[in-house]
Protein chains: 2
Amino acid sequence: MTRARTTVVDIAHAAGVSKSTVSLVLQGSPLVNEKTREKVNSVIAELGYVYNRGAANLRQSRSKIVGIVVNDLTNSFFAELAVGMDLVVQSAGYVQFLAHSGESVDRQREVIASMRENGIAGLILSPARGTEAVDLKPLIDSGIPVVVVVRNLPGARVSTLLSDNYTGARAAVRHLVSLGHSRIGFMGGFLDTAVFAERLRGYRDALLEAGITVDDRLVIHSAPSRAGGVAAVERMVLLTDQPTAALCLNDAVAFGVCDGLRSAGIEPGKGFGVVGFDDVIEAKTAVPALTTVSVDPQGMGQRAAQLLLKQINAGGNEQESLVTSVRLVVRQSCGAPVKNNHLEELA
Amino acid sequence: MTRARTTVVDIAHAAGVSKSTVSLVLQGSPLVNEKTREKVNSVIAELGYVYNRGAANLRQSRSKIVGIVVNDLTNSFFAELAVGMDLVVQSAGYVQFLAHSGESVDRQREVIASMRENGIAGLILSPARGTEAVDLKPLIDSGIPVVVVVRNLPGARVSTLLSDNYTGARAAVRHLVSLGHSRIGFMGGFLDTAVFAERLRGYRDALLEAGITVDDRLVIHSAPSRAGGVAAVERMVLLTDQPTAALCLNDAVAFGVCDGLRSAGIEPGKGFGVVGFDDVIEAKTAVPALTTVSVDPQGMGQRAAQLLLKQINAGGNEQESLVTSVRLVVRQSCGAPVKNNHLEELA
DNA sequence: TGACAAATTTGGAACGTTCCAATTATGTCC
DNA sequence: GGACATAATTGGAACGTTCCAAATTTGTCA
């Protein structure tokens, strides 16, 4: 049933030319006569020939495949990032291996090895927590361009594309301060990522420049997910001197914080100001609409893919580090603090 | 800089054996002597050899690559579906091309063609709206197994894996009826998908068997997304005789409906019962926690991948159609109807 | 028409693996 | 020690393409 594939030789034979000519037609070479081209193309259509890119890759020792490894596809930020990459990768005639590491360094290593065996021309990696620069050493040494996105990887000879976490967080907190908030929390995330560290630094600096002393009890760690946001609020309400607003590590945490506040009988955006980070697609339609720092994940994915393709085509291995600017999008979830609200009553 | 790849011949030379022996070692053949195997393996490690799967595929004319095409990766249902597939695909030693069609049939055609050129061993497809059975004809005729998931494709000679939309929708509506609701809406989705049709049928039958007449004005079409849910509520509040509850096409719509209700000053789960469909990961942590029909997207992805791998290994092309059972998960969002609530006041 | 240039076509080697058939090494038994 | 079975190894062809150098055809000009 799986009868022998029709190959370039079959086409050549049927069209009365040599396989070299067919190959030339296939790659759109200007060397071939117009009439011959037409003839060959019609035979190709007639026999239902499908190009064997694997054979071509073997001969040329370069492929049209890029690898993309993302740490958590179920987080819409990363899903959108992947969609952005997909867009430019596909339209450049490439195809992508897309894998999900699920924050596991082991799994990440495996999929990268597998992609390497399959001959990727380049890799875009959003590293799993705990990834080390040496993990990428062999890949990089073999001359395959690598672009690291979202989280950085100090010490690795790779190009990186990060968002301006520090400035974004600082702008968000400044805004909360301008609304009159003075006890502001930072919710979600763990110490081990650079993203967390940078956003926290922005948060701290904004407080300091406003003359507000930083209270470390208001920095509440939790998983960087919706469930983590709920958990953070549960711990927040146990504090004696509660915040009236919070910057969240990302939008997922922010949504969880809203959920948690409601469970605690607090209306997000009224009794408590919530600001997210990322500007995921749902941020706009949520109720209350989420004030957040827009990172444009899809656009970031596109830029990352463009950067990678550029490096693949250039062949050179000079690294480039880009920081994409972010902007605060003010919506409803960051309310001004309410005097004598139930939070203050509780305190 | 990209110096010549080390190949099986280099290994053979360095280990003092023939390339055939190295090949045997590579595929873990029992034919090779233990000492030789060790020697070869150590040389492999030493020279940093990386296997060229492309060359192997060429020779064997079968690959370890599966294609996965999903219509909307930004919808968490599909993202989780993809993660489930990824899990089993990877651990079976395969690697996946994962592409996003964005509901575009053209784009879908392109990516499938591209995957075919790259020699996929099988395809899992969650078809874009408007996909026809003939679109897959050439692929199927070439003997490549195809598994269609989530949406079905009548007339195509493929295996399918669908969830039991009819039963799930009926169970959800029965539950709403048992809570005392009698005006129940159906929100989100368009007529052109089978998923919509089946869920709607389940909704209708449940109403009929409860002796409730079906009012077509309560079926409100909209995009199957969070934004679509918001839009549906906006249209709902214009009705003269409003529903007290709704079954939503999927969880994304249900979240949007909750958002829309809040904007309209109605508290989901209190003044209005909302039931979703899919049981996306956020359904549990949302506030109010979403009552929904659990489809277990990740598990479904796993089953789809297993089904495909089975067909790839069997080589036969007999199709199999599975319907995965679903169950209603009752949480907080489906409240009992409130007497004299503002909805009734409006009416 | 002959000479030359330009345009077009072509055979064969190469890419890195697997597989077959054949060969060589090793072990066992009387 | 020879005959035989078994274990282990091996050379070469094949997979479907690209690329090179060379060959062939076509066109132009005096």
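Each chain gets a letter, A, B and so on, in the order the sequences are listed, and its residues count up from 1.
Atom C1' of nucleotide C:dT17 and atom CD of A:E117 are separated by 13 Å, given to the nearest angstrom. Atom CD1 of A:I11 is separated from atom P of D:dT18 by 13 Å (rounded to the nearest Å). Summarising the geometry, the separation between CG on A:L31 and C1' on C:dA6 is reported as 11 Å, rounded to the nearest angstrom. In this structure, B:K35 places its NZ atom 14 Å from C1' of D:dA8, rounding to the nearest Å. Between the CG atom of A:N33 and the P atom of D:dT24 there is a distance of 19 Å, given to the nearest Å. If you measure from atom CD of A:E34 to atom P of D:dT26, you get 17 Å, rounded to the nearest angstrom. Protein atom CD1 of B:I44 is 13 Å distant from nucleotide atom C1' of C:dT17, rounded to whole Å. Rounded to whole Å, the distance from OH on B:Y51 to C1' on C:dG16 is 10 Å.
B:E46 and B:S42 form no side-chain donor-acceptor contact under 3.5 Å, judged by distance and modelled atom types alone. Side-chain contact annotation: A:S104 with A:D106, donor-acceptor N/O pair under 3.5 Å absent. Judged purely by distance below 3.5 Å, without hydrogens or angles, the side chains of B:N71 and B:S126 pair a donor atom with an acceptor atom.
At D:dC19, one or more side-chain N or O atoms of A:Q27 fall inside 4.0 Å of OP1 or OP2 (strictly under the cut-off). Between A:T7 and D:dT17 there is a side-chain polar atom (N or O) within less than 4.0 angstrom of OP1 or OP2.
Nearest nucleotide to the A:V9 side chain, out of D:dT9, C:dT17, D:dT17: D:dT17. When the nucleotides C:dT9, D:dT10, D:dT18 are ranked by their closest atom to the side chain of B:V17, D:dT10 comes out on top. With distances taken from any side-chain atom of A:N52 to the nucleotides D:dG16, C:dT10, D:dG11, the minimum falls on D:dG16. The side chain of B:K19 approaches C:dT17 more closely than any other nucleotide in the set C:dT17, C:dT9, C:dA13. Of the candidates D:dG16, C:dT17, C:dT9, D:dG16 carries the atom nearest the A:L58 side chain, counting heavy atoms from C-beta on. Side chain of A:R5, nearest nucleotide from D:dT9, C:dT17, D:dG16: D:dG16.
Among the protein residues, A:R37 comes within range of no part of the nucleic acid, since none of its heavy atoms lies under 4.0 Å from any strand. Among the atoms of the strands shown, none is found under 4.0 Å from any heavy atom of A:S61. Contacts of A:L26 with the nucleic acid, taken as non-hydrogen atoms under 4.0 Å apart, are absent.
Below the 3.5 angstrom threshold, one finds no donor paired with an acceptor across the side chain of B:R59 and the base of C:dT17. Side-chain N/O atoms of B:S18 and base N/O atoms of D:dG11 include no donor-acceptor pair closer than 3.5 Å.
Between B:S20 and A:R53, it is B:S20 whose nearest contact on DNA chain D lies nearer the 5' terminus. Across the interface with DNA chain D, nearest-nucleotide mapping of B:Q60 and B:L24 shows B:L24 to be the residue nearer the 5′ end.
Put simply, the side chain of B:S114 does not reach to within 4.5 Å of the side chain of A:R53, judged on heavy atoms.
With B:S159 as the partner, the side-chain hydrogen bond (donor to acceptor under 3.5 Å, both in side chains) test is satisfied by one option alone out of B:Q311, B:E320, B:E318: B:Q311.
Under the 3.5 Å distance criterion, the side-chain polar atoms of B:E103 are matched with a main-chain donor or acceptor of B:R129.
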